Each structure stands twice: as C-alpha cells, then as structure tokens.
Amino acid sequence: MKKQLVVIGNGMVGHHFAEQLMSSAAATEYELRIFAEEPCRAYDRVHLSEYFDHPSKTHLQLGDEDFYSKHQIQLHLAEPVTKIDRDVKKVISNSGEYVYDILVFATGSYPFVPPIPGNDQPHCLVYRTLEDLDAIQASADGAAHGVVVGGGLLGLEAAHALKKLGLESHVVEFAPRLMPVQLDTEAGTLLRRKIEDLDVGVHTSKATEQIIEGQDKRLRMCFNDGSYLETDLIVFSAGIRPQDKLAAEAGLTIGQRGGILVDSHCCSSDPHIYAIGECAVWNHQQFGLVAPGYTMARAALAHILDDRSTQFSGADMSTKLKLLGVDVGSIGDAHGTSPGALNYRYADELTGVYRKLVVSEDGKHLLGAILIGDNSFYDTLLQYALNGIELPSSPEMLILPSSTGEAVSLSSSALPTEATICSCHNVTKGNICEAIDQGAISLADIKSTTKAATGCGGCAAMAKSILDSELEKRGVHVDKSLCEHFHFTRQELFHVVKVEEIKTFDALIERHGKGGGCEICKPAVASILASVWNEHIHEPAHVALQDTNDTFMANMQKNGTYSVVPRIPGGEITPAMLISIGEVGKKYNLYTKITGGQRIDLFGATLDELPKIWEELIAAGFETGHAYGKSLRTVKSCIGDTWCRYGVQDSMSMAIRLENRYKGLRSPHKVKMAVSGCTRECAEAQSKDIGVIATEKGWNLFVCGNGGMKPRHADLFATDLDDETLIRYIDRVLMFYVYTADRLQRTSVWMESLDGGLEYLRQVVIEDRLGLAKELESRMQHVVNTYQCEWKSALQDPTKRKRFRSYVNADEPRRARIEMIEERGQMIPARQIAEEEYS
Amino acid sequence: MNSLAKTIPEWLEVCHLDDLVMGSGVAVLVKGKAVAIFAIGSNDFKLYAISHKDPFSNADVLAHGIVCEGNGVWTVASPIYKQHFRLDTGECLEDPTVTVNTWPIRLRGNLVEINTSDEVS
Ligand code: SRM
Ligand SMILES: Cc1cc2nc3c(=O)[nH]c(=O)nc-3n(C[C@H](O)[C@H](O)[C@H](O)COP(=O)(O)OP(=O)(O)OC[C@H]3O[C@@H](n4cnc5c(N)ncnc54)[C@H](O)[C@@H]3O)c2cc1C
Ligand code: SF4
Ligand code: FES
C-alpha cells in the first residue's frame, strides 16, 4: 500500500509542497491528501489585492486547473482539520478521520487583531483571504471612510485597496513611523510624506484604546492621547501570528512567541510531523514571506524522501514593493545592527528619494539597504548583499544619482553562476543559463522551465536581464567564436596578439587556433595585427590575409575592375590638385564621380593600371584614401568660420587635422567623422562615428552615430572642449573601440553592447575608470607615428609591385573581356556582361 | 615555347615558382584562357588550378579571392559575391549545380605547369 501523506492547509506553501512532491520521482509511492479550511483551492495570496481589480477567484489560482485531479490528490476543500491523534496517527475533521504516515502542517498564519475593546463589531475586518476581501468589499458599500490599523507593508497595501474602493483612507500606526520593521526614521518620515501627498491620512504614535459606535460615521476609534477618529470600517493589519492551535493541542513543541518549532529539515518535535511556511518557527523566527516558505517545503520533502540535499537555514527577508505607487525596498540588515556596520545615505527631499547602504566594517560587503522612491537600485543591491559580491571601492556610487538618471547596474555577467536569482523557487543564475542552453528564448520560457519569477515575481526584472545578456552573448552569433578556426572573440584575439606579441597569422593560428583560416578570421586577424603593429599589409606574412580590396588597396567593382579614391582631407582641394585628378582620369579613361564623402572616386581601373595611376596621383601630392579598408574614411566638414558668416570655429582646419591624424588607423569597421562650424550642422556630424560641432567656447563631441543600413544619431559625449582635449578624447574613444569591438561592429553597435553603454564609455574615456587612458593615447600615437601611405610604400617595393599583374605570365594585359559602354560621356560596364566568346 | 612544353605536349609551363603567392592565388593566361593558380601550405605546399572566371559575375577575379579552409576542404571565396569554390574540384559550395573548370597542375623544378590535354582533344 502507498504511504499516506497528509497536508493540513492548502495555502501557497502547502500547494508548493504538493507540486514538488508530484514532480519528484517518488510521487507514486505516496497517496497525498490535503485539507483546506478555505472553500477554494490554493491561490496567490501575494497578489491578493489584485482580486479587487479582477474579481474572479480563478485569476489568482496557483497551478493548472487540473493539477489535483491529474495527480490523484485527495483535496478536501472547506474541511478544516479539527484534531490530531498522534498515538494512532490520525487527523480528524468534521466529516471523517484519516490515517497518516507522515503529516505536514502548512496552516499559515492568521492576522493579529490587537485586543482592543470593541474590535469584534461589524465593519471591523482583516486582510488575508479572498473571503476577507469579499467582506471588505461588502462593508465598503455605502461607506465613505476607512481606516487601516497598522502601518507596515500589508497595512499600506490595505490602505491602497481601500482607496481604490473609493474610500477616504487613513492609516493608524502604533510606532512613531511607518514600516518600523523595514525602515529607519528618515525613510519612514519620507515615506509618510509621500503617502500623505497621495491623500492617505497617516497617524503615527497612536494607540487605540477602544472602538465605539460613531456619531457621524459607523465607528469611532478612541486613542490613548484623548483624540479620536471616526470611520465607516476598520481593517486590522497589525501583524500575523502562526496558526499553531491545532499543533499545540496535539502536544507538539511550540516556540516562545508561537509557531510550530522545527529543525532545519522542518521536522517538528514529532518525527512523523513536519511544519512549513508561516505556521513554523525556525530558530525562534517566523518567516512571513512566501520564498522562505517554499524553501521549507523543499527541505521537508527532501527529508521525507531521504535526500539530505536541501535544508532550511534561515532566509533573506528583503522586500521591495510599490506601496500606493511609491517604491519601497528594504534589504538585509536595514537598521545596521551588525557590529561595526557603517552607513551611506543619500536623500533628495525635493523628489522624495532616500537611499541608504549598510556596509561591513571594512567597507567591502553590503549588509543591508533601504530604498524609498526608486526601486531600480534594488536588484543590484540585493545581489551584492545575497551573494557577498565585493563592493566597488566607492560604494556610494551604487546609490548616488548618475548623470543619466539610471541606477548603476551590476551586469548579470558579474554575478556568480550560483547566485540565487529567484528565492521563491530557488533558481540560480546557472539554472537560467541551463534553460537558455536548452532553448529558452523568452521570459515565458524561463518561467515555465525554471519556475523563476512565478512566485512573488520580485525577481522578474533580474531574470529578464540575465536572459537578455545571455541571449545576446549567444544570440545573433549563437557561438561567440570568431569562426571555426578560432574559438575566441575578436576582442580576445586582440588581447592575445598584444599580450603575446604575436605578429603573424600563422603564429596565431598555430598557437591559438586550428585549420587553415577563412574569409572571416583572416581579415579580422589582419586588422588586429595592423591595429597593434601597423606593419604594411603587403608584408609577405600578411598578404594572403586580406580581402581583395585590401590586397590591391582598391575596391573591386562588379566587373572585376577597381576604383581609386585618393584622400582629400576635409574635402578641401586646390584647383591644381583637382586638375591632376582630372588628368589621371582622362589618361586612363576612368569614370569620375564626387562621392557622398566629399571626395572623388575614379572607377574602372584594371589591376595592372592601379600602380601606374597611383604613381601619378602620389606625384601630384595625393595619398591613399583607404576607401577599401576597415579604417578611417572621410572627415566631412563644412567651411566653418573660414568663410561662413555663422561659423564660430575653424571647422576646416579641425577636420583636416583629424583626418590626417587618424588616416592610418585600422579598426573593426569603417569609421567616419565630420566637423561642423556651428550648430547649423552643415557637415552632418551627428550622423558620424565621431562628430564634432563648434560652440562659442570650443567643440562639442558626439560619438557613435552612423548612416547606412540602420541610421543612428550620435550621442553628445562632452561639451566645450578645447582642441587638445578633443583630440585626447577621440584618441581614447577610437582606441578603446579598436581594443574591444567585435569584427564588423560599427561604433554604435559596439557602444550599445558595452555594459553600461554610453555612461560606461564616458567613465572609461573621461573619468579614466579603467586607468587605460594613457595606454590608449600612446597606442594611438604609435599608429600616428608609424603611418605610411600604403600605396607609396607598395610602389617603392618591386616585390609588392609585382602583385599588381593581371596575369603573372603575360605582360600585355587586356582590359580583360569586360565590355564597356559609354554613358553621359564616360565609360561604364555594359549593363549585361557579355558571355565569353570562347567558353 | 620552351623545351619542356615541346617534349611533353599536354603539360604547359605557365609561370615561375617566384610568381606564386603562398596561401593565395595569381592569375595566368593559358592559350587565351584565364586560370587561377593557388599555392596552399607554406613549406610543403600544394598547387591547384581552377578557372579565374567567377561564373556569378562573369568577371575574371577568382585568383584574387581569400583562400579558406573548412573541415579540411580548401576553397576560394569569390571577391565579388563571395561564393566558395573548391580548389580541388571547382565545385561551388553554395550552389552545387555550378562547377568551375579545374586543371591538373604540377611543379617541375622551379616551373609551374598545367595540363591542358582535355581541351586540346
Ligand atoms: C563611393 C560611395 C558612394 C558614392 O558614390 O558617393 C560609396 C560606395 C561604397 N560604399 Fe558606401 N559609399 C560612399 C559613402 C557612403 C555613405 C555616406 C558618407 O560616408 O557620408 C554611407 C552612409 C554613412 C555611414 O556609413 O554611416 C555609406 C554606407 C555604406 C555602407 C553601410 C554601412 C553601415 O554601417 O550600414 C556600406 C556597406 C559596408 O560598409 O559594410 C558601404 C559600402 C560601400 C562600398 C564599399 C560597397 C562595396 O563593397 O563595393 C562601395 C564601394 C566604394 C568604392 O568602390 O569606392 N557604404 N557609404 C561613397 C564613398 C565615400 C567616400 O568618399 O569614401
Ligand atoms: C495582502 C498580502 C500581501 C502579501 N504580499 C507578499 C509579498 O509581496 N511577498 C511575500 O513574500 N509575501 C507576501 N505575503 C505573505 C504570503 O502571502 C505568505 O507568506 C504566504 O501565503 C504563506 O504561505 P502559507 O502556505 O504558509 O500560508 P497561507 O497562504 O496563509 O496558507 C495557509 C492555509 O492553511 C489553511 N488552514 C489553516 N488552518 C487549517 C486547518 N486546521 N485545516 C485546514 N486548513 C487550514 C488556511 O486557511 C490557509 O488557506 C502577503 C500576504 C498578504 C495577505
Ligand atoms: S555649419 Fe553653418 S556656420 Fe558652420 S560653416 Fe556650415 S553653414 Fe557655416
Ligand atoms: S523571487 Fe519570488 S518569484 Fe522569484
């Protein structure tokens, strides 16, 4: 015969126990019988107040509709157990007697009603069950005024509910401040002000002596200071008491202040009887939250099933909630009672924000915290407290307002795998990652596979941010590896190259990769090598790494010919230079066009013509425009105060200076810049990776914009900079981008992928948070110092020049079977390329 | 024509070892045809000869693509629309219905030769 397992109480914890048992392998060995005092099956008491918004009992129901029938659980609704006979191991109700092998108390608690004379009249109510809410609703009918006795969490929630029922609502608290358990005086005062602003009357330090019939309203509450308050209904919310009567009568050991005494297996003084949830006390403490109750349920079940893995060893009582629309959070040792504890406090009385940190004596760990007015700080602080993560050197940063108004967040990657994310269901970051590995892609998936965020719901935001960052980590490229040859990201390879001073692709793949390389890793490594060592891309070790465009330092066009784009810094060009471009174009019969980047593109050159064309351009004073490279393209400019009547700075000179400084830089993707001479912004600087706009006092720097497929406006990064600071900041931003971006990631996408985004970039670049600024600058200076016009050096070296032969065995190249036609006076590829005559 | 080509008619000398670029390709003209020649591996390199013409763009460009290795198979990625062609068989990985021509190739001394007897016949 199956073992008889009886649970008394079908509240949140009793239900959780049933679910856990049913999902365990031992489910079939037990016959489960559950007694419920309430007339409906287990529901979500945490969200009880929602019952006023959705007056349907099934809305809050826990678990699937058919959960109990499917698992053949005997559920006795509205049948409270009235007696237990431990000698014969039986529970007795009004309608029968049932034997048990194992008995579990999950009777929860009952609302404490202070022993005030007159507290038992009609319209004196409590706030715990659906039936209580029905009673409140009925009483509110025809009432205008309601009072809640008790200014704790539940009291304030009840006051909110009364307000929503249309009553003028008041809170009467015995202590001198609201939420005395969770808040200190300052926070309590602030909360009081916020709540009063919402038209809820707050009366602290008031002890009610008696409740009598009222004159204007139904009831009158008389206080010990002689004052009184008249009201139509009273809700008592003065705390909870463990529901231990039945257990006490059965002779189980009861704690000093009530509650069934249990050990860390949730076992009572009778080895066949367990107690879990709010009816139990462990270490003389009752836990009035659902998460510890769930842990107790798992601990008890583990013990029953003879598995010692889960024990109950106390619980975190941190809470965050919105009370009447006001964010309130309390974490750990909020009152700072631990020996040596130190405080940090931030208060803004204007907007009603208060934040307090309680840290350990050595300032390294967070012990507790209080938040009023903005709970966006809660998740991060809770993780610091729960996981003992070492605090940053200035912990105040965690509660000080940032310039973006956003809370500093602990990136989910900083959390250890074993960090508990959902305390209700004991779900760790590791569990969430596993679920993602097994295919979860939404919070709904995470909820159904791990149960995270399905208890109190407090962890939902954190779970979501882990999901997002983990997905992003796997996301678009599920595998972050560069390609099959390197199981590293571009950033990792960059570090390897630098740290190990690797100078060639072959050395890198031999040490850190496998196979022969491909079109993904070869150019990426070439770009890294160029960023770090800045050697000519035609050195024999690099030559096979480049895509055609880089190999031949020209962009291949659709017919196999190439384009030629000389650099025209800032778009400024003398008539003489313009003429020499024209002459080259004419001589080689190149199609000529002004580009969108303020320079000139010559199209239709064959491989063997390229060196000749460049020889002539270089002789005329031109340099390569790197139109082929992942590198600086153009610095677009307006004419600025050189000519323009509105210009406030010399945007031309600055654009030329920037273009000449960064022209050799190899980067993860192309980089574009612009400089405008005033806010009219004729150079469209805000659509560039680096945008500079003149102000009366200097330059405003914008970063991380682009046009192209997904246009994005650049963000204002720093204002009124002088020339030198401007250059320093650009050096740092660009080098940090070169150091850390993924391949083919433009600055905008890169910046958004940084944890902390723009603000983080500011910290790195402006505040030098990583202490990298000097290195970034000197790296950039190295690139600037070692700049060479690649075309010039290629032409000087006969072996490099040898590469530019259309056919290595034929001197006389032909304009290789590419049919050209004339259009508007220039040659272009025929719209359809003719089939080869001899194939 | 030099003496080698005369003694072994089907093998044609196309270029010198020094003309090759290790790990990459060069183009040669053979009897009016553009052929792409690749030298893969550094010391113990292997030679391949495939058509220089990219069948997707009809432009003569394949010798100038990036050489790739995947699961031990060597390919070249067309520099225009990036399809991969096997160096040994000429097969296009993205579209197996497309195959470019390949030729036997060998090194004799410092000279690179390809065998064009297929077309001669
Ligand atoms: C020539 C030019 C068009 C023109 O006739 O004006 C041009 C031509 C090409 N663009 Fe562009 N882009 C040109 C200005 C732009 C601009 C406008 C600008 O720079 O002010 C943009 C949008 C602004 C931006 O980049 O933020 C632009 C956005 C792109 C993109 C999309 C980038 C993106 O992040 O979404 C590509 C594709 C890519 O880089 O991956 C691209 C790629 C190309 C390539 C390289 C495509 C290719 O692989 O063949 C074209 C060949 C250029 C060549 O052979 O020289 N081109 N391209 C312009 C050259 C500017 C120059 O002097 O260097
Ligand atoms: C309005 C409100 C808001 C809350 N908000 C939060 C929150 O935000 N976060 C949080 O963590 N917690 C919150 N709580 C507390 C949380 O609801 C409780 O911690 C949780 O419900 C405790 O579960 P339990 O199973 O121990 O007790 P209960 O859910 O109270 O279940 C006990 C059940 O046992 C039944 N029972 C008692 N005696 C018998 C008997 N003799 N025979 C049969 N059945 C019996 C009772 O009728 C009851 O249904 C809130 C509570 C309320 C009322
Ligand atoms: S931006 Fe405006 S002010 Fe500046 S140069 Fe252009 S037009 Fe003149
Ligand atoms: S912490 Fe309560 S649902 Fe996750």
Side-chain angles (χ1 to χ4, degrees), chain A residues 483-485 505-506 509 513-523 526 538 540-552 555-562 606-607 799 802-814 816-819 829-830 832-839, chain B residues 12-16 18-42 51-84 100-101 111-112 114 119:
Chain A
C483 64
E484 62 173 283
H485 305 102
F505 180 84
D506 288 348
I509 203 161
K514 61 172 203 288
C518 65
E519 80 272 29
I520 295 169
C521 59
K522 283 178 174 177
H538 280 178
H542 309 320
V543 76
L545 304 180
Q546 310 285 353
D547 209 347
T548 322
N549 290 359
D550 282 277
T551 309
F552 298 114
N555 284 330
M556 178 172 277
Q557 304 301 317
K558 66 183 201 178
N559 61 356
T561 62
Y562 292 85
T606 59
L607 203 48
T799 53
K802 246 178 79 179
R803 286 285 278 145
F804 295 89
R805 291 181 288 172
S806 293
Y807 304 102
V808 297
N809 64 345
D811 282 343
E812 200 46 59
R814 313 175 316 156
R817 280 167 273 141
I818 297 153
E819 199 187 320
Q832 241 175 343
I833 294 171
E835 269 302 289
E836 273 182 77
E837 60 280 16
Y838 45 79
S839 64
Chain B
L12 288 180
E13 177 213 321
V14 291
C15 65
H16 194 269
D18 287 347
D19 291 320
L20 300 180
V21 179
M22 288 303 147
S24 187
V26 296
V28 294
L29 269 182
V30 186
K31 298 203 232 157
K33 258 188 215 312
V35 176
I37 296 179
F38 298 88
I40 306 303
S42 29
S51 167
H52 188 33
K53 193 179 101 170
D54 166 22
F56 293 95
S57 62
N58 280 328
D60 282 352
V61 292
L62 288 188
H64 302 139
I66 287 196
V67 170
C68 307
E69 179 270 340
N71 299 319
V73 173
W74 289 94
T75 55
V76 61
S78 163
I80 300 218
Y81 300 119
K82 314 294 176 189
Q83 293 90 349
H84 294 77
V100 298
N101 215 342
L111 296 176
V112 179
I114 71 172
E119 290 109 66

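Below, chains carry the letters A, B, ... as their sequence lines are ordered, and counting in each starts from 1. Basis for what follows: all heavy atoms, side chains included, without hydrogens, waters or symmetry-related copies. All of these numbers come straight from a predicted model, not from anything done at the bench.
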In terms of heavy-atom pairs under 4.5 Å with chain B, the winner among Arg803(A), Glu519(A), His485(A) is Glu519(A)

Contacting moiety of Glu484(A), where chain B heavy atoms sit under 4.5 Å: side chain

At a 4.5 Å cut-off on heavy atoms, which part of Ile520(A) comes close to chain B: side chain, backbone, both, or neither? neither

Can you find a pair of side-chain heavy atoms, one from Lys33(B) and one from Lys53(B), that are under 4.5 Å apart? no

Could you tell me whether the side chain of Cys15(B) reaches within less than 4.5 Å of the side chain of Leu20(B), counting heavy atoms only? yes

State whether the side chain of Glu69(B) and the backbone N or O of Gly516(A) hold a donor-acceptor pair below 3.5 Å, judged by distance alone. yes

Given ring-ring contact (aromatic ring centres under 6.0 Å, His included), test Phe552(A) with His64(B) step by step and report yes or no. CA-CA 9 Å; Phe552(A) 298 114; His64(B) 302 139; 4.8 Å; yes

Closest approach of Thr551(A) to Gln546(A) (non-hydrogen atoms, all atoms of both residues): OG1-O, 3.1 Å

Using non-hydrogen atoms only, which part of [X] is less than 4.5 Å away from chain A: side chain, backbone, both, or neither?
X        : value
His84(B) : side chain
Asn71(B) : both
Val28(B) : both

